[in-house]
Amino acid sequence: MPDLTPNIGAFASIAKEDLARVFQVLQEMGYTLLGPTRGETAIVYDEIESVGDLPIGWGDEQEAASYRLRQRDDNAYFGYTLAPQSWKRFLYPPVQKLFTLTVQDGTFEIDGNAAPAPRYALIGVRACELRAIAIQDRVFLSGNFHVPDYRARRQQAFVLAVNCTEPGNTCFCASMGAGPRVGPGFDLALTELDEIFVVEVGSELGRQVLGQTPWRPAGAFELQNARRALAEAEQHMGRQMDTSDLPDLLYRNLEHRHWDEVAQRCLSCTNCTQVCPTCFCCDVLDQPDLTGQRTDRVRVWDSCFSLAFSHVHGGNIRPHTRSRYRQWLTHKLASWIDQFGSSGCVGCGRCITWCPVGIDITAEVAAIRAEV
Amino acid sequence: MNATETGVTKANGAGARARPRLAVFKFASCDGCQLSLLDAEDELLAVTDAVELAYFVEASRHADPGPYDVALVEGSISTPEQIRQIKEVRRQARLLIAIGACATAGGIQALRNWRDVDDTVRMVYAHPEYIETLDTSSPISDHVQVDFELRGCPINKYQLLEVVTALLVGRQLRLPTYSVCVECKRHGVTCVMVAQGIACMGPATQAGCGAICPAYGRGCYGCYGPMEAPNGPALGHQFEQLGLDAPDIVRLFRSFNGYADPFRLISDKYEEVAR
């Protein structure tokens, strides 16, 4: 019997309850499932075992400096906007031991991180997040220097994306061209409708997984509903950013008085950089034992908002919050383009929601644009 | 700091000299920071291998006279006698490290610095005539030169081990001065201020505790004192946005580290508002 499973780029339809079969197939293939689940105060990404762990019937309300869980009046599986932290914490962990070094007989031995990288299936990756992963791929895996542990996790990750029909009040992925419809890079992409998921096949691996799940061809009506839901989502972004003239606008305004105004409000607490799905800066620390004969070398997330980050020989090059905020914003929206060929912002809005004082990247750019 | 330059010998290196002599002193305090050293159970034997505990009355009645290579000093300066004692400790110690909120900021007992000391003494003691005290509870660095301050109420044992290790190995000390938010995010703790509207001192407080309180759904109490360059006014303003009134904000900034300048300025400002 010929294999009728839809090819890459084609669509199928699966019943909602058959998502459980997709999870089962992934687990049989050796994947650890990571997906959205309801924590005490937020829908977070964490290890999940089954469809029952998904936040079915729950959503979120996001605003600048505010996030609240809310119960929905339906049983949507993916009826929330975004978790507080992105997939970055799994692909590029906040604390990662790189190796152990032991001094012996006048020389030293390096014991690399021998444990195999985990095989993650990322469940519920939004369009903005998939774009962010692609951006981090360019940072970590292009050019002469690669990050081996990131590469190992990334190469064996299965990506089950879910198109976003729930943009929040701090979202602006449409402005950044990053969503709400997922771009390339997924294995399977779902669009959630009332009774079914429309499934788009993104890779041969995704096709294999779908082939072991009860599916049927997606009907024209279903495809139309999925398209309509995404078109509506695009019209319901809570925020917008005018990206025209963007690298130059910021370069021309490095001494704009608005940087001082932001610095009055900014806590330099680093939250924006840590929740940002593309921020990648790290520090490398040695943690020797008391004898000085053995040390663990550890990589930790760092932030351009910490003072030590910009302390170089001779002093600190960004001693004030004004220059640290300006560095972050201009790198994200301008010099990132020079450095990596794309904007570093995907419009997920996390830096707005999770800033304790609600500093809004879209409003700050608009303010600089307004008073040039 | 280079270990050999400072005379602290490497612990187990070839031809090791005598182990550095460590002394632990207590001033006005609750002993909790000293207990953090004893609480380093897994590492304690390694520590006693590497250093000589010459004076540590919390741990041993055996007490050797100075001079000492390193003195860990817990507690604030609260009486005239303590001023004399801390000067003697300074004379006996090559390196003096203040440990804990009392020693680095005056501690919770510095709350009396905002009151008339005689009123306080009369309120607390049945026989105030026996009490000889200073007008203020103040940090060690107000009285003698301090080589390093280790923050916390209490200090974190891993940070203390980091200090001891850096001294022994002779390498740069790496302790965070950034905010508690960094630790929340690293541990995957959902922000209590954003997700629950709970006032939290974390965005102005130095990391080091591992974000214990937010991990249990509480706002940070500021036990590790002001972070590097904290923006207290902006945090105070955000507390107002969350609906706190001026006396609440005074209480948040005025606790274990309330007498540290960046926190004191904010609590004083809101106290004015409350009046």
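Keep in mind that what you see is a predicted model, and the values were worked out from it rather than measured. Scope of the values below: all heavy atoms of this structure, side chains included, with no hydrogens, waters or symmetry mates. Residue numbering restarts at 1 for every chain, and letters A, B, ... go by the order of the sequence lines.
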Straight-line distance of [X] [atom1] to [Y] [atom2], nearest 0.5 Å:
X      : Y      : atom1 : atom2 : value
A/W354 : B/K185 : CH2   : NZ    : 7.0 Å
A/D289 : B/E43  : CG    : CD    : 10.5 Å
B/M227 : A/L307 : CE    : CG    : 7.5 Å
A/S66  : B/Q241 : OG    : CD    : 12.0 Å
A/N316 : B/E228 : CG    : CD    : 9.0 Å
A/E40  : B/T190 : CD    : OG1   : 9.5 Å

query = So, are A/D286 and B/R174 salt-bridged, with charged N and O less than 4.0 Å apart?
reply = no

Taking side chain as everything from C-beta outward and backbone as N, CA, C, O, which of these in [X] sits under 4.5 Å from a heavy atom of chain B? Side chain, backbone, both or neither.
X      : answer
A/P356 : both
A/A263 : backbone
A/Q264 : backbone
A/V44  : side chain
A/Y45  : neither
A/T321 : neither

Would you mind telling me which of [options] has the largest number of heavy-atom pairs within less than 4.5 Å of chain A?
options                : result
B/G232, B/C181, B/A195 : B/A195
B/T165, B/V194, B/N231 : B/V194
B/H187, B/Q196, B/H237 : B/Q196

inquiry  = Could you check whether any side-chain N or O of A/R89 sits under 3.5 Å from a backbone N or O of B/R186, counting only pairs where one atom can act as donor and the other as acceptor?
reply    =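 Flag set: sc A/R89 to bb B/R186 pair under 3.5 Å.
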
key: Sequence neighbours excluded - ring pair (Phe, Tyr, Trp, His ring centres under 6.0 Å) pairs with any residue from residues 270-297 of chain A   = A/F280-A/W336, A/F280-A/F340

message = Is B/V47 in contact with chain A via its backbone, its side chain, both, or neither, using a 4.5 Å heavy-atom distance?
response = both

ask   = Where does B/A46 contact chain A at under 4.5 Å (heavy atoms): side chain, backbone, both or neither?
value = both

task = Mind ranking A/D60, A/L69, A/V300, A/V275 by heavy-atom pairs under 4.5 Å with chain B and telling me who comes out on top?
result =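 Between A/D60, A/L69, A/V300, A/V275, the count favours A/V300.
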
request  = Name the option with the most non-hydrogen atom pairs under 4.5 Å to chain B; the candidates are A/A42, A/P288, A/A83.
outcome  = A/P288

Is atom [atom1] of [X] surrounded by more than 12 heavy atoms (other residues, nucleotides or ligands) closer than 6.0 Å?
X     : atom1 : answer
A/R72 : CZ    : yes
A/R70 : CZ    : yes
A/F99 : CZ    : yes

task = Grab the two heavy atoms, one from A/G292 and one from B/V169, that are nearest each other, plus how far apart they are.
result =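 Scanning both residues completely, I find the closest heavy atoms to be CA-CG2, 3.6 Å.
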
request  = Spell out the residues in residues 249-264 of chain B that have some non-hydrogen atom less than 4.5 Å away from a non-hydrogen atom of chain A, in order of number; otherwise answer 'none'.
outcome  = none

